[in-house]
Amino acid sequence: ELAQRMTERAVDVIKFFMKQGQMLKPGDVIDADTAELVANEFGHTVKRVAESDVEEGLFDIQDKAEDLKGRPPVVTIMGHVDHGKTSLLDAIRQANVVSGEAGGITQHIGAYQVEQDGQTITFIDTPGHAAFTAMRARGAEATDIAILVVAADDSVMPQTIESINHAKAAGVPIIVAINKIDKPEANAQKVRTELLQHEVFVESMGGDVLDVEVSATKKLNLDKLLEAILLQSEVLELKANPDRTAEGVVIEAKLDRGRGSVATVLVQTGTLKTGDIIVAGNEWGRVRALVNDRGEQVKEAPPSMPVEILGLQGPPQAGDRFAVVENEARAREISEYRQRLAREKSVARQAGQRGSLEQMMTQLQSSGLKEFPLIIKGDVQGSIEAIAGALEKLGNDEVQARIVHSGAGAITESDVSLAETSGAAIIGFNVRANKQARDASEAAGIEIRYYNIIYDLVDDIKAAMSGLLSPER
Ligand code: GDP
């Protein structure tokens, strides 16, 4: 490898070592000082680099404004369980499959594209905010627009509120799909009114959030919903440069018995081509084939297009970012570096380095932030409101408690990922975290604090806010 980098013949390098009385064969390891000496002997200039330099330049290409072209919007559907997220995703897809297309066979690869008025829209095929936040927690901002599905016979429910908070935390605009309007007991107006309380103001209520009444099962107004998405995306002026190496995000990945590691990625910029060498999270590979959402092989994937990639060495994780790199050596180097880093991190975590309220405050203070973000879960709505009220009064000029999300019920994995992305601490009042949430918080180093007396809770937060929190009890 050293010979290769110096563009010298390996045999010459080996001969050089022999003259020094050292017998080496290709693949043997030498230390950095020896390598430097050899390189100098061969008349090369050595630049020592830090290990992390292997990542330098990745995700760093700056596009010129004139190279940017319009790209389709990427949409995620969120909302309360049973409000019709899956039905809506299926209905939109079915209604827009071009007839005769590959026998109408569709593949579930984690995302799909449909056409409306000659324009393309990309849907992330995993409904709910769990996938959405899992991705965000890994630093991937894949979604441009969130469709908030609210069933007109059930109106605003706890996960509706969670979804709103997730979308807001991500700064993603919401379009409200008021679903199940075919039902006799449907009350769309009630939905609009209740959304007001959560600061989602639809147009008829004097706001600027688009809303569409739909029925997923009766396929009513689906085109109107798609038009609303196009309208919203026009406002967003979504752009990317298709004429460069591709970058994007992993939506799903798995180990397939027949096909090896398969990852569905969403290209965010550039055009991904077969033969490209990519790094995705800790993994790398040469793109052997690209498969679209209809199961067809394609040669390339432009911005906002989801495709399955075949040819990776191992499956990356959902939410990992990927980028095309110049050669295999670089790809391998980056993935080896990342894998080692991941191992080291997990060792460090096991050693019990967890973020505490105190550490959070110190970080907040040093970052100059004036808000103390909190997620509050409680047994009943009444106590949550009491806590929220008390915390609001605590603020002073320097720091203010900000409740990112609150709700009744156990602390879930979704709360933990929201905490991770918003930098919040989690407070449980008379509720506990479920197993998944405990594992997730452990892994992410997020502190969960439990209380059953409001006074204690408020006291601790007050102390944390004044930087005087006593050590964890
Ligand atoms: P999800 O949990 O949000 O993904 O909800 P599903 O898509 O699984 O839908 C939950 C239930 O509501 C299913 O029984 C659907 O058939 C039903 N459903 C969904 N959309 C509609 C609709 O527009 N009208 C009626 N009447 N039922 C619907």
Side-chain angles (χ1 to χ4, degrees), residues 78 129-130 132-141 146 158-159 161-172 198-199 319 349 353-378 383-396 398-434 436-451 454 456-467 469 472:
M78 302 201 258
H129 52 254
F132 177 75
T133 16
M135 285 208 209
R136 282 199 67 228
R138 309 184 76 81
E141 305 278 349
Q159 286 164 326
I161 301 166
E162 264 183 64
S163 304
I164 294 170
N165 292 334
H166 278 84
K168 285 195 170 162
V172 172
H198 304 284
E199 283 163 44
R349 267 202 297 265
Q353 299 173 347
R354 301 180 51 212
S356 67
L357 277 181
E358 281 165 296
Q359 280 171 6
M360 261 186 70
M361 273 319 289
T362 327
Q363 272 167 18
L364 278 180
Q365 277 162 357
S366 60
S367 66
L369 265 183
K370 299 196 189 309
E371 281 180 335
F372 189 14
L374 291 168
I375 291 173
I376 300 174
K377 295 301 283 279
S383 54
I384 297 166
E385 275 159 24
I387 293 164
L391 290 179
E392 255 152 44
K393 288 200 205 95
L394 278 186
N396 54 32
E398 276 164 36
V399 59
Q400 197 88 43
R402 180 170 66 94
I403 296 161
V404 182
H405 174 65
S406 65
I411 295 160
T412 63
E413 219 177 339
S414 152
D415 295 321
V416 176
S417 39
L418 183 59
E420 212 175 342
T421 50
S422 58
I426 302 176
I427 307 284
F429 185 77
N430 281 336
V431 292
R432 311 294 296 176
N434 65 25
Q436 291 90 328
R438 280 202 303 275
D439 292 348
S441 69
E442 198 96 341
I446 303 274
E447 182 179 17
I448 302 179
R449 286 200 161 223
Y450 303 103
Y451 296 91
I454 294 188
D456 286 346
L457 188 165
V458 174
D459 229 33
D460 269 7
I461 301 296
K462 192 169 163 183
M465 281 171 44
S466 51
L469 187 71
E472 252 180 84

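On a predicted model such as this, the values are computed, not experimentally measured, just so you know. Note: hydrogens, waters and symmetry copies are ignored here, and every other heavy atom, side chains too, is used. The residues of the chain are indexed from 1 along the displayed sequence.
Donor-acceptor pairing under 3.5 Å is recorded for the side chains of Glu162 and Ser414.
Between the side chain of Arg438 and the backbone N or O of Ala433 there is at least one donor-acceptor pair closer than 3.5 Å. Of the possible polar contacts, one joining the Lys377 side chain to the Ala410 backbone as a donor-acceptor pair under 3.5 Å is found.
Within the 4.5 Å cutoff, the side chain of Ile427 has heavy atoms near those of the Tyr451 side chain. The shortest side-chain heavy-atom distance between Glu447 and Ile426 does not fall under the 4.5 Å cut-off. Between Tyr450 and Ile448, the closest side-chain pair of non-hydrogen atoms falls below 4.5 Å. Contact check for Asp456 versus Asp460: no side-chain heavy atoms found under the 4.5 Å cut-off. Between Ile375 and Asn165, every side-chain heavy-atom pair lies at or beyond the 4.5 Å cut-off. A heavy-atom distance below 4.5 Å is not found between the side chains of Leu457 and Ile376. Side chains of Val404 and Leu374 form no contact here, defined as non-hydrogen atoms less than 4.5 Å apart.
Residue His405 comes nearest to Leu418 through the heavy atom pair CB-CD2, 3.6 Å, listed as atom of the first residue, atom of the second, then distance.
With sequence neighbours left out, Asn430 forms a side-chain hydrogen bond (donor to acceptor under 3.5 Å, both in side chains) with Asp379. In this structure Glu199 satisfies the side chain to side chain contact (heavy atoms under 4.5 Å, CB included) test together with Lys168, Phe201, sequence neighbours excluded. For Ser406, there are no side-chain hydrogen bond (donor to acceptor under 3.5 Å, both in side chains) partners two or more places apart in sequence or in a different chain. Looking at residues two or more places apart in sequence or on another chain, you find a side chain to side chain contact (heavy atoms under 4.5 Å, CB included) between Asp439 and Lys435. Checked against salt bridge (charged side-chain N to carboxylate O under 4.0 Å, His left out), Arg432 has no partners two or more places apart in sequence or in another chain. The side chain to side chain contact (heavy atoms under 4.5 Å, CB included) test applied to Ala167 returns Met78, Ala146, Ile174, not counting sequence neighbours. Shown here are the side chain to side chain contact (heavy atoms under 4.5 Å, CB included) partners of Ala440, two or more places apart in sequence or in another chain: Glu413, Val416.
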> Please walk me through it: do Ile384 and Phe429 pass side chain to side chain contact (heavy atoms under 4.5 Å, CB included)?
Replying inline: CA-CA 8 Å; Ile384 297 166; Phe429 185 77; over 6 Å; no
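For the atom pair CD of Glu392 and CZ of Arg402, the computed distance is 12.5 Å after rounding to the nearest 0.5 Å.
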